[in-house]
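See below for the structure under consideration.
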Amino acid sequence: MAAQILPFPKPASAPSSPIATYLWVGEAHRKLADLHAAGHLPARRLVVEASRLRHQRELIAAVRDAGGEIVLDTEVAELASIGKHAGRARGAPWALPEGAGPLGPDHFRPDASTDVIGQIARLAVSSGVTGVLSPAHHLGDPGFRDWMSVDSDACLALRTALDREGGQAIPIDYPLIVPSAMLNDPSQRGLLVAMLGRLPIDHVWLRVVGLGADAGPLQMSRYLSAVAGLHNLGKPVIADHLGGLPGQAALAFGVVSGIAQGIGERERFDTGDWHKPAKPRTDDAKFGRAARVSIPGLNRTLTRAELDVLASAKNGRRICGCADRACCKHGYDSMVADPRGHAARQFFSSIARLEAVPDLRRETFFLGHDGPMAKADRTAREIKALRPDAAEAARHNVDPEALMKRLADHSRTTEKIRTTLETIHETRGNDVPRARVAALRSGGVPKSATGKP
DNA sequence: CGTAGATCAGGATCCTCAGA
DNA sequence: TCTGAGGATCCTGATCTACG
């Protein structure tokens, strides 16, 4: 089948708004730095964690000097949780000394001796980031119920501290970390909007507990309507930790201005293990998650072993492999040899495709025959029909029946998501207000534009 | 190069809610 | 009132990656 490349007509009345695409650098920072150096990572907006900032300086400098945006995550939500405060986040400068427990509400008062707010402001200025995520917490924290007022004060105090420390030009974004029940309830949502409306913030980043790339049809439709309920704030909304089809759908339906995720990480958000102590490491315990490969268009990842089993079926390599030669030169083999590179290129190209479509046609494009939704549905059905080789499955220690059942379930869910989104598309009018555009806020004139090296 | 750290996905169970 | 689908929550298994 020949590729059909039909340019979309772009009259002035049909603008294509830019999509704010934030990339959480995360654990893959070396891989991402390599991709960026090779010109294969078109990232213009990065999010970096305070605990990892010092390891990511090169990538940060490269993106910032090219006129990009760098947003600092303070990790205070993790540092205030029982389960996470002793983990990686403890590398943040304002973490308490070992054994001193999580950060509590008192550490965020403007007069606190630990001066967390002042430390955040000084690091933001000295590290040269172009924005900061306000020090905000998980609003569903079972250990402390009133983070909202503490965080609200902390945000105001951070603005004052930034202005005092020479960071007047550094904007604050607000990470709203909420249980879905709180977001979906109109009265609680009203409280959130009222609080956010009083704060000196640019954008709202929305991290919904339990929501992610694997969301089902009900969760997705609830999310789409709940986020639209934040629009009277008049501020851009970024869908944080929302990867895959749910993230793309939120963009296509115009309820969010942008998206923030990592590559093969931070595509979902869950606080399940935040409120209980981390398990002690046992001697024979092994760590490390299975390397996973994202299947083009499927909205799912599989382990390398599972993928090899599927590839043993007739047509398996063709259906599962990357058909984009600009991404994976040798198809399936290139894809499994470099899963992160593949995932990064696919992520950015999916955003670019959506961005090229005029705003008012994005829903139609998303749901249409050549759009991501239909492709996911089609691919899921093709994959569930594969008949993998039993010997190959045994060799990889994979139960082929269990695998194919999971893939059949995935196909069923994908079909339901499609039906649900089509219904939403048909029932709501075309005059639905869209999220405000989040303009690029670079830290100043790009070095390349000054004429001096 | 050894040690230490996490995230993703699957599955079980219980709950909620809508439709029969 | 029953029933099933989907979601919330919790647990487990997988066997990577950063960093000193």
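- Between A:R90 and A:E267, the residue anchored closer to the 5' end of DNA chain B is A:R90, taking for each the nucleotide with the nearest heavy atom.
- When the side-chain nitrogen and oxygen atoms of A:K416 are compared with OP1 and OP2 of C:dG6, one or more of them lie within a distance under 4.0 Å.
- With C:dG20, B:dA9, C:dG7 as the candidates, the nucleotide lying closest to the side chain of A:H55 is C:dG20.
- Among residue pairs with one or both ends in residues 332-351 of chain A, none qualify as ring pair (Phe, Tyr, Trp, His ring centres under 6.0 Å); sequence neighbours excluded.
- Paired runs in DNA chain B that reach 3 or more consecutive Watson-Crick or G-U pairs, where each pair keeps both distances under 3.5 Å, cover B:1-5 with C:16-20, B:7-20 with C:1-14.
- Among residues at least two apart or in separate chains, side chain to side chain donor-acceptor pair (under 3.5 Å) pairs with a member in residues 182-192 of chain A are A:D185-A:S187, A:D185-A:Q188.
- In terms of the ring-ring contact (aromatic ring centres under 6.0 Å, His included) criterion, residue partners of A:Y22 (sequence neighbours excluded) are, by chain and number, A:W205.
- Summarising the geometry, the separation between CG on A:N299 and C1' on B:dC8 is reported as 14 Å, rounded to the nearest angstrom.
- No option in A:R412, A:R418, A:K416, A:K384 other than A:R418 meets the salt bridge (charged side-chain N to carboxylate O under 4.0 Å, His left out) test with A:D377.
- When each of A:W147, A:F144, A:W274, A:Y174 is checked for a ring-ring contact (aromatic ring centres under 6.0 Å, His included) with A:H137, only A:W147 meets the rule.
- Distance A:D214 CG to B:dG11 C1': 13 Å, rounded to the nearest Å.
- In this view, A:A215 and A:L211, A:Q219, A:M220, A:P246 satisfy the side chain to side chain contact (heavy atoms under 4.5 Å, CB included) rule, not counting sequence neighbours.
- Toward the 5' end of DNA chain C, the nearer of the two residues A:R412 and A:R52, judged by each one's closest nucleotide, is A:R412.
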Which letter, B, S or -, goes with each nucleotide of nucleotides 14-20 of chain B from 5' to 3', with contact meaning a protein heavy atom under 4.0 Å? -------
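- In this structure, the CZ atom of A:R88 is 13 Å from the C1' atom of B:dA4, given to the nearest Å.
- In this structure, A:H410 places its NE2 atom 13 Å from C1' of B:dA9, rounding to the nearest Å.
- When the nucleotides C:dG6, C:dG7, B:dT7 are ranked by their closest atom to the side chain of A:Q219, C:dG7 comes out on top.
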Check against side chain to side chain contact (heavy atoms under 4.5 Å, CB included), A:L23 and A:L41: CA-CA 10 Å; A:L23 184 65; A:L41 191 76; 4.1 Å; yes
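- Put simply, CG on A:L183 is 16 Å from C1' on C:dA8, counting in whole angstrom units.
- Taking atom C1' in both C:dA14 and B:dG5, one finds a spacing of 15 Å when rounded to whole Å.
- Distance CZ (A:R406) to C1' (B:dA12): 16 Å, rounded to an integer number of Å.
- Nucleotides C:dT15 and B:dA4, compared at atom P, are 22 Å apart to the nearest Å.
- One atom, CG of A:L307, and another, C1' of C:dA14, lie 16 Å apart when rounded to the nearest Å.
- For A:R268, whose side chain is taken as the heavy atoms from C-beta onward, the closest listed nucleotide among B:dA6, C:dG6, B:dC8 is B:dC8.
- A close approach under 4.0 Å does not occur between any side-chain nitrogen or oxygen of A:K31 and OP1 or OP2 of C:dC16.
- Comparing A:R54 and A:G210 by the nucleotide of DNA chain C whose heavy atom lies nearest to each, the residue mapping closer to the 5' end is A:G210.
- Comparing C:dG6, B:dA9, C:dA18 against the side chain of A:H29 picks out C:dA18 as the nearest.
- Within 4.0 Å of A:T301, counting heavy atoms only, lie sugar-phosphate atoms of the nucleic acid but no base atom.
- Each of A:R300, A:R406, A:R268 was scored for a salt bridge (charged side-chain N to carboxylate O under 4.0 Å, His left out) with A:D214, with one residue passing: A:R268.
- Counting non-hydrogen atoms of other residues, nucleotides and ligands closer than 6.0 Å to CD of A:E58 gives a total of 12 or fewer.
- Between the side chain of A:S221 and the backbone N or O of A:L218, at least one donor-acceptor pair lies under 3.5 Å.
- Taking atom CG on A:N184 and atom P on C:dA8, their separation rounds to 8 Å, with Å as the unit.
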